[in-house]
Amino acid sequence: MEFDRRSADRPPFHDPDEAEHAYAGATEESSDARIRHLQRVPLFSGFGEEELRRIAEMSKIVDVRAGTAVTRIGEPGDSFFVIIDGTVAVRTPVGTGAELHPGEFFGEMSLLDGEPRSATIVATTDLRLLVVDRSDFWRLLDETPDLISRMLTILSRRVRHLEQTVHAILHGTNPT
Ligand code: CMP
């Protein structure tokens, strides 16, 4: 699933077999309503009204049904996602990894390195997502440098966790 702005008047999509480029329902909300969603996202905590307004301008709120594959491993990716409500499962080449929860993000890797999606992300509940297109992603990072440091911290944690998982697989131990 990659969000398609041209399809914003269609209902939320719910076919778990839809490919990544299929449509997910974009909710038509006022800028203030979108800002209220953003205020609940820990990734944006401490951001002022003006920063949140800029983020809201560069993003869409999209509702996705449980069971939908939001990204598919190996496919091209053009969107960055922040979970506002709901939970997703991350399926990486080494197996099903972490669940991601409200406030967490995914889809940054393909935008950062231009490679295909590294994992399949499946909605395990109905989701409300903040979606930022490739063209706005870099502008978002340029205009909100705090976001870069927050994302780097989270990405470091993900690498550590992945290393521990690989260690456990190789050695048959629980590394915690
Ligand atoms: P991207 O490769 O663009 O699309 C799939 C996304 O899954 C990826 O970006 C990351 O956001 C996320 N992802 C990949 N591997 C992991 C992991 N080990 N833990 C958490 N999230 C991951």
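Whatever order the structure lists them in is the order used to number ligands and atoms, beginning at 1.
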Residue and atom name of the nearest protein heavy atom (relative to atom 19 (N) of ligand 1), distance in Å to one decimal: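 Protein heavy atom with the smallest distance to atom 19 (N) of ligand 1: Arg158 CD, 4.0 Å.
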Distance from atom 8 (C) of ligand 1 to nearest protein heavy atom, with residue and atom: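 The answer is Ser118 OG, 3.4 Å.
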[options]: member with heavy atom nearest to [atom]:
atom                    : options                       : result
atom 18 (N) of ligand 1 : Leu112, Leu155, Val94, Thr92  : Thr92
atom 10 (C) of ligand 1 : Glu75, Met151, Glu108         : Glu108
atom 3 (O) of ligand 1  : Arg117, Arg157, Glu104, Arg72 : Arg117
atom 12 (C) of ligand 1 : Thr120, Asp78, Ile121, Leu111 : Ile121

With the side chain counted from C-beta on, respond yes when [X] and [Y] share a heavy-atom pair under 4.5 Å apart, and no when they do not.
X      : Y      : value
Leu129 : Val64  : yes
His37  : Leu130 : no
Asp63  : Leu127 : no
Ser45  : Arg150 : yes

N or O contact, Ser110 vs ligand 1, cut-off under 3.5 Å: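 Ser110 vs ligand 1: N/O contact under 3.5 Å present.
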Ligand-side contact atoms (ligand 1) for residue partner Phe106, heavy atom cut-off under 4.0 Å: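 With Phe106 as reference, the close atoms of ligand 1 come out as 11 (O).
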Proximal atoms of ligand 1 relative to Val90 (non-hydrogen, under 4.0 Å):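 Listed by number with element: 13 (N), 16 (C), 21 (N), 22 (C).
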Salt-bridge criterion met for Asp85 and Arg40 (N-O under 4.0 Å):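 Salt bridge: yes.
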Residue-ligand contact Gly107/ligand 1, heavy atom below 4.0 Å: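 For ligand 1, residue contact (heavy atoms, under 4.0 Å) with Gly107 is present.
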Nearest-0.5 Å distance that lies between atom OG1 in Thr124 and atom NE2 in His101: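 Thr124 OG1 to His101 NE2: 7.0 Å, rounded to 0.5 Å.
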NZ or CZ of Arg139 within 45° of Phe80 ring axis and under 6.0 Å: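 No, Arg139 does not sit over the ring of Phe80.
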